[in-house]
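Here is the structure we will look at.
Proteins come first, then strands; the chains are lettered A, B, ... in the order of their sequence lines, and each starts at number 1. The shown structure was predicted, so the numbers you read here are calculated from the model rather than taken from an experiment. Only heavy atoms go into these numbers, but all of them, side chains included; no hydrogens, no water, no symmetry mates.
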Protein chains: 2
Amino acid sequence: MPEPEQRKRVTITDVAQHAGVSTAAVSKVLRNAYGVSAAMREKVRASMTALDYRPHAAARGMRGRTYTIGVLLDNIRNTFFADILDGVRDQLRDSDYTIMIGAAGFGARDQAKVIRSMVDRQMDGLILIAPGTPREEVLAVARDTPTVVIGHHDASDAHDSVADADAAGAALVVDHLVALGHRDIALVSSPGSRASHWKQTPEIELTRGYTQAMERHGLGDHVQICKAAYSDEGGRKAGLHLLSAARRPTAVMTGADVAALGVWRAAHDVGLRVPQDVSIAGYNNTAVADLATVQLTSVDQAGHDMGATAARLLIERVEGRRDRAVQATMTPRLVVRSSTTAPTAAPEQV
Amino acid sequence: MPEPEQRKRVTITDVAQHAGVSTAAVSKVLRNAYGVSAAMREKVRASMTALDYRPHAAARGMRGRTYTIGVLLDNIRNTFFADILDGVRDQLRDSDYTIMIGAAGFGARDQAKVIRSMVDRQMDGLILIAPGTPREEVLAVARDTPTVVIGHHDASDAHDSVADADAAGAALVVDHLVALGHRDIALVSSPGSRASHWKQTPEIELTRGYTQAMERHGLGDHVQICKAAYSDEGGRKAGLHLLSAARRPTAVMTGADVAALGVWRAAHDVGLRVPQDVSIAGYNNTAVADLATVQLTSVDQAGHDMGATAARLLIERVEGRRDRAVQATMTPRLVVRSSTTAPTAAPEQV
DNA sequence: GAGAGTTTGTATAACGTTCTCCACGCGAAG
DNA sequence: CTTCGCGTGGAGAACGTTATACAAACTCTC
């Protein structure tokens with residue numbers, strides 16, 4: 001037999017013909033819609049498997065749903081996002097939905113482009129992880145497409161939110177370091193984008209928690225904050241700045257593990273040992289923090305739970321089972337490892 | 001004025017009306033098709049920007065292209081894939097194409113599901129990074145959708161391929177270790193999947209390169225291969241097995257940095273120092289290898305170039321500028337860091 | 001100026017779904 | 001025997017785009 005040059009896709013019409021019914025009937029079975037007898041359902045299902053039918057998602061997008069969930073993230077290198085994603089995946093595993101990830105980078109413009117792409121592809125729902133896109137744009141998108149924002153604390157009735165109690169997390173670290181005897185505790189946090197109009201980003205919350213905790217311990221005038229990109233290089237720069245200053249902190253905490261490792265590199269560069277000369281704490285408790293050669297004290301944010309919660313909330317909205325916005329907040333947990341210890345010299349007094 | 005309850009999307013019809021032309025004309029301008037005057041193009045372009053028109057990708061999918069490229073990867077935690085992805089992104093930055101990532105996990109079944117999802121969403125082209133999906137299935141998909149396979153060396157005229165000369169890379173490491181004085185060099189490599197029917201996966205090539213290099217140095221009877229999943233835990237298990245055996249290797253090389261770090265953890269567990277007691281070499285030269293506290297000798301695979309090349313090849317196919325399959329091979333480069341050194345004790349003789 | 005080409009713009013039929021109506025048949029109630 | 005209601009299946013119009021086919025309007029050439 002001559003091989004079929006380009007065998008066509010099997011469509012709903014083929015299934016209908018095979019089963020001897022109308023396409024409308026097949027569609028109903030497909031969507032579990034009301035008004036099909038058991039016999040009909042049986043018959044159509046049989047034909048579908050016989051022909052190995054798969055609905056054409058692009059065509060579905062024209063009228064109804066595409067059964068696609070878009071996840072926006074800035075940086076696939078941050079393995080914390082991988083934890084979140086695993087949560088999303090686990091939650092959606094047995095559903096009909098497919099997850100498509102858009103890795104947009106840090107630029108607000110690029111992120112907006114990716115979000116628009118997802119809307120244009122008629123995705124059913126969006127999970128935006130700490131978007132740097134201007135808030136107004138996210139709100140506009142959320143008006144038409146169910147959306148969950150992860151990270152930012154800014155609530156809105158247009159979208160659901162899942163965030164971590166970052167201020168409490170920062171306080172955990174400060175308390176831990178103060179208990180060890182530290183007084184000069186510096187914070188390395190992301191610069192954020194003033195133009196995005198989000199008022200309560202993770203880094204803002206973190207800074208607030210840090211400052212308040214320091215004040216609570218009577219260390220208000222020891223507050224020292226250094227802005228740096230959450231990357232190895234960003235952390236290194238911040239570390240060099242902090243660790244080569246006249247009044248050198250005895251402990252440095254950062255808003256991301258990856259930045260903490262950069263600080264570590266800086267400590268290495270200027271000949272300081274960790275933790276003997278300087279204690280370092282990260283944030284996110286990513287896998288790298290637990291490496292044998294790293295052992296970084298960090299704050300666990302339950303990324304998996306955040307992802308799973310986000311997915312659950314989103315599907316509720318997509319399927320119209322809820323129409324009021326929800327904010328979920330996760331509780332952070334301190335994980336002490338060997339990168340933090342008591343300061344050897346007495347902390348310098350003012 | 002009453003706010004529009006749910007302002008509809010602006011469609012090609014709106015643009016046509018606004019410009020006072022037919023939808024067909026607008027479509028032509030959109031696609032840079034033949035048969036439009038400069039004046040027409042100008043006029044339509046103006047209307048498009050005036051109305052902020054964006055073509056509906058889902059609708060496009062029904063007839064033509066969706067301008068979407070799907071990238072399949074098993075594991076977002078492997079930052080080597082992030083390098084590849086950056087290459088793809090850079091190559092496609094100024095094009096009309098959007099990249100959507102499907103993170104499928106290691107299961108062949110899950111991967112197949114994601115690939116099918118991409119096909120159903122009418123994506124224009126697929127980049128599959130080291131798919132564990134059975135080869136036949138990939139070939140079937142590639143017959144209808146332009147596809148580039150990254151990693152596997154199995155050539156086919158159905159799809160393009162981009163791979164690294166893994167055998168040469170393994171030889172680089174063996175040569176380096178032998179030059180340092182090692183003789184008992186063990187390899188930790190991925191078990192792979194026998195059911196996938198790929199004959200030349202990266203791990204198979206790597207094993208071949210290792211074995212041949214060992215034989216070339218007259219160390220054929222020192223060959224020791226341990227299969228382990230490319231993960232921290234997989235590496236740790238393999239490491240415990242190797243390092244607590246009677247005939248303990250003085251050097252361990254792995255097929256992935258993440259596995260090397262697991263071996264490192266195992267060394268730690270059994271009280272061996274790296275590199276004094278055992279040298280460890282990774283593969284991929286991911287960012288973690290360069291961390292201050294890690295400094296892992298590794299093999300750089302030019303992931304960025306691989307991704308960029310794959311994207312370029314794919315677009316050529318999508319746009320019909322080429323119809324013969326191409327295989328591209330990258331050259332690996334050894335990056336020596338401090339996790340490898342000369343063995344302190346003379347290697348045990350047989 | 002007539003015929004032959006060449007541009008340029010339009011009408012319209014797909015593409016594969018969904019979903020609103022509507023028709024049909026049947027049993028129960030009046 | 002009507003009338004009503006209900007459960008079931010089907011007709012057919014969208015949805016927003018592409019691409020083919022063709023008509024109309026120009027531009028040459030002899």
At what distance, to the nearest 0.5 angstrom, does [atom1] of [X] lie from [atom2] of [Y]?
| X | Y | atom1 | atom2 | result |
| --- | --- | --- | --- | --- |
| A:His18 | A:Met48 | NE2 | CE | 12.0 Å |
| A:Leu72 | A:Met100 | CG | CE | 15.0 Å |
| B:Thr23 | B:Gln17 | OG1 | CD | 10.5 Å |

For atom [atom1] of [X] and atom [atom2] of [N], their distance in whole Å:
| X | N | atom1 | atom2 | answer |
| --- | --- | --- | --- | --- |
| A:Gln122 | D:dT17 | CD | P | 11 Å |
| B:Leu51 | D:dG16 | CG | P | 14 Å |
| A:Met40 | D:dT8 | CE | P | 11 Å |
| B:His56 | D:dT18 | NE2 | C1' | 15 Å |
| B:Arg31 | D:dG16 | CZ | P | 18 Å |
| B:Met48 | D:dG16 | CE | C1' | 15 Å |
| B:Asp14 | D:dG16 | CG | C1' | 10 Å |
| B:Met62 | D:dC15 | CE | C1' | 9 Å |

Could you tell me whether [X] contacts a base, only the sugar-phosphate backbone, or nothing, with contacts defined as non-hydrogen atoms closer than 4.0 Å?
| X | value |
| --- | --- |
| A:Arg65 | nothing |
| B:Thr11 | sugar-phosphate |
| B:Ser37 | sugar-phosphate |
| A:Ala24 | base |

*Establish, with yes or no, whether the OP1 or OP2 oxygen of D:dT20 is under 4.0 angstrom from a side-chain nitrogen or oxygen of B:Tyr34.*
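No, because none of the side-chain N or O atoms of B:Tyr34 sits under 4.0 Å from OP1 or OP2 of D:dT20.
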_Once hydrogens and angles are ignored, does a donor-acceptor distance under 3.5 Å link the base of D:dT17 to the side chain of B:Arg60?_
no
*asked:* Need two values: the first and the last nucleotide of DNA chain C, 5' to 3', having an atom under 4.0 Å from any heavy-atom of chain B.
replied: C:dT7 to C:dG16
*Using the closest heavy atom to pick a nucleotide of DNA chain C for each, name whichever of B:Arg63 or B:Ser22 lands nearer the 5' end.*
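The residue closer to the strand's 5' end, by nearest nucleotide, is B:Ser22.
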Quick one: do the [X] and [Y] side chains pair a donor with an acceptor below 3.5 Å?
| X | Y | result |
| --- | --- | --- |
| B:Arg41 | B:Ser37 | no |
| A:Arg121 | B:Thr68 | yes |
| A:His197 | A:Glu136 | yes |

_Return whichever of A:Thr23 or A:Gly35 has its heavy-atom-nearest nucleotide of DNA chain D closer to the 5' end._
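Counting from the 5' end, the first nearest nucleotide belongs to A:Gly35.
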*Could you note down all residue pairs passing ring pair (Phe, Tyr, Trp, His ring centres under 6.0 Å) where residues 92-128 of chain B supplies at least one of them, sequence neighbours left out?*
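Sorted result for residues 92-128 of chain B: B:Tyr67-B:Tyr97.
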